[in-house]
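Okay, structure first, notes after.
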Amino acid sequence: LERMGLLERASHYPTQLSGGEQQRAAIARALINGPDLVFCDEPTGNLDEETAGQVFELLVKFNREDGQTFLIVTHEESLIRKARRVYHLHEGRLSAKES
């Protein structure tokens, strides 16, 4: 919770957390056992642009510091531009996006 910036909110119920805090709590649950690969389906889908950027930066931080790989499915162009590798799935075909 400390690494997610939620330590001071540990005693709060989910309904008492903001959308960004709820999303960071969900990410914390996914990371608690230290998986090598984490699948994220629209991890910032219901968040405003600023909060979405903060959540994405947390994923980048965990990737850099802990070596965890995140496979992120998103339609958010701002997040796609920040990704190290991008693949497109179109009509059942997966292709790498040229840099």
Side-chain angles (χ1 to χ4, degrees):
L1 291 177
E2 184 176 353
R3 288 180 77 190
M4 300 302 286
L6 293 172
L7 191 58
E8 69 282 354
R9 307 288 280 167
S11 63
H12 290 74
Y13 290 102
T15 57
Q16 297 172 312
L17 302 176
S18 70
E21 289 169 335
Q22 289 178 16
Q23 193 65 353
R24 286 184 286 158
I27 292 167
R29 282 192 312 269
L31 299 176
I32 195 71
N33 291 320
D36 294 328
L37 175 62
V38 180
F39 293 91
C40 302
D41 184 11
E42 297 285 359
T44 61
N46 293 323
L47 304 176
D48 62 78
E49 190 172 336
E50 181 180 340
T51 304
Q54 292 169 354
V55 167
F56 186 79
E57 289 305 317
L58 278 172
L59 299 179
V60 170
K61 178 181 174 182
F62 280 99
N63 173 257
R64 269 189 256 133
E65 293 178 3
D66 300 344
Q68 291 170 308
T69 299
F70 294 87
L71 191 142
I72 301 170
V73 175
T74 187
H75 293 91
E76 295 289 329
E77 287 294 327
S78 62
L79 299 182
I80 293 169
R81 286 190 296 272
K82 295 178 184 180
R84 193 178 320 161
R85 290 187 211 143
V86 176
Y87 296 87
H88 289 275
L89 181 61
H90 181 70
E91 294 182 359
R93 298 190 146 224
L94 186 65
S95 61
K97 180 179 178 183
E98 297 296 324
S99 304

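One is the number of the first residue; the rest follow in order along the sequence.
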* Structure fact -> Q16 and R9 have their tightest heavy-atom pair at O-NH2, 2.7 Å

* Answer yes or no: does atom NE2 of H90 have more than 12 heavy-atom neighbours from other residues, nucleotides or ligands under 6.0 Å? => no

* To do: Kindly indicate whether the side chain of M4, heavy atoms from C-beta on, has any atom under 4.5 Å from the side chain of L58.
  => yes

* Start with the C-alpha gap between I27 and L31, add the side-chain angles, then the distance that decides, and say whether side chain to side chain contact (heavy atoms under 4.5 Å, CB included) holds. => CA-CA 6 Å; I27 292 167; L31 299 176; 3.6 Å; yes

* Identify, with sequence neighbours excluded, every residue that meets salt bridge (Lys or Arg N to Asp or Glu O under 4.0 Å) alongside E65. => R3

* What pair of heavy atoms forms the shortest contact from P35 to A30, and how long is it? -> CG-O, 3.4 Å

* **Closest approach of R29 to I32 (non-hydrogen atoms, all atoms of both residues)** => O-CG2, 3.4 Å

* **Stepwise side chain to side chain contact (heavy atoms under 4.5 Å, CB included) test for V38 and T69** => CA-CA 6 Å; V38 180; T69 299; over 6 Å; no

* At their closest point, which heavy atom of L94 faces which heavy atom of L89, and how far apart are they? -> N-CD1, 4.0 Å

* Asked: Is there a donor-acceptor contact under 3.5 Å from the side chain of D36 to the main chain of Q68?
  -> no

* **Side-chain heavy-atom pair E77, R81 within 4.5 angstrom cut-off** => yes

* **Short side-chain to backbone donor-acceptor contact, E21 and S18, under 3.5 Å** => yes

* Below 4.5 Å, heavy atoms only, C-beta onward: do I72 and L79 meet side chain to side chain? -> no

* Structure fact -> CZ (F56) and NZ (K82) are apart, to the nearest 0.5 Å, by 7.0 Å

* Note, T44 side chain near Q23 side chain (heavy atom, < 4.5 Å) -> no

* Residues, nucleotides or ligands: over 12 heavy atoms within 6.0 Å of E8 CD -> yes

* Structure fact -> Correct closest heavy-atom pair for A10 and L1 would be CB-CD1, 3.7 Å

* Asked: Hey, what do you get for OG1 (T51) to CZ (R24), rounding to the nearest 0.5 Å?
  -> 8.0 Å

* Asked: Side-chain contact, heavy-atom cut-off 4.5 Å: F70 with F62?
  -> yes

* Give a yes or no on whether E2 atom CD has more than 12 heavy-atom contacts from other residues, nucleotides or ligands under 6.0 Å away. => no

* N46, CG: over 12 other non-hydrogen atoms inside 6.0 angstrom -> no

* Asked: Does a sphere of radius 6.0 Å around CG in L37 hold more than 12 heavy atoms from other residues, nucleotides or ligands, not counting ones at 6.0 Å or beyond?
  -> yes

* Distance in Å, T74 OG1 paired with E42 CD, rounded so as to fall on 0.5 Å steps -> 4.0 Å

* Asked: Say you draw a straight line from CZ of R84 to CZ of R64; how long is it, rounded to the nearest 0.5 Å?
  -> 8.5 Å

* Asked: Atom SG in C40, atom CG in L71: separation rounded to 0.5 Å?
  -> 8.0 Å

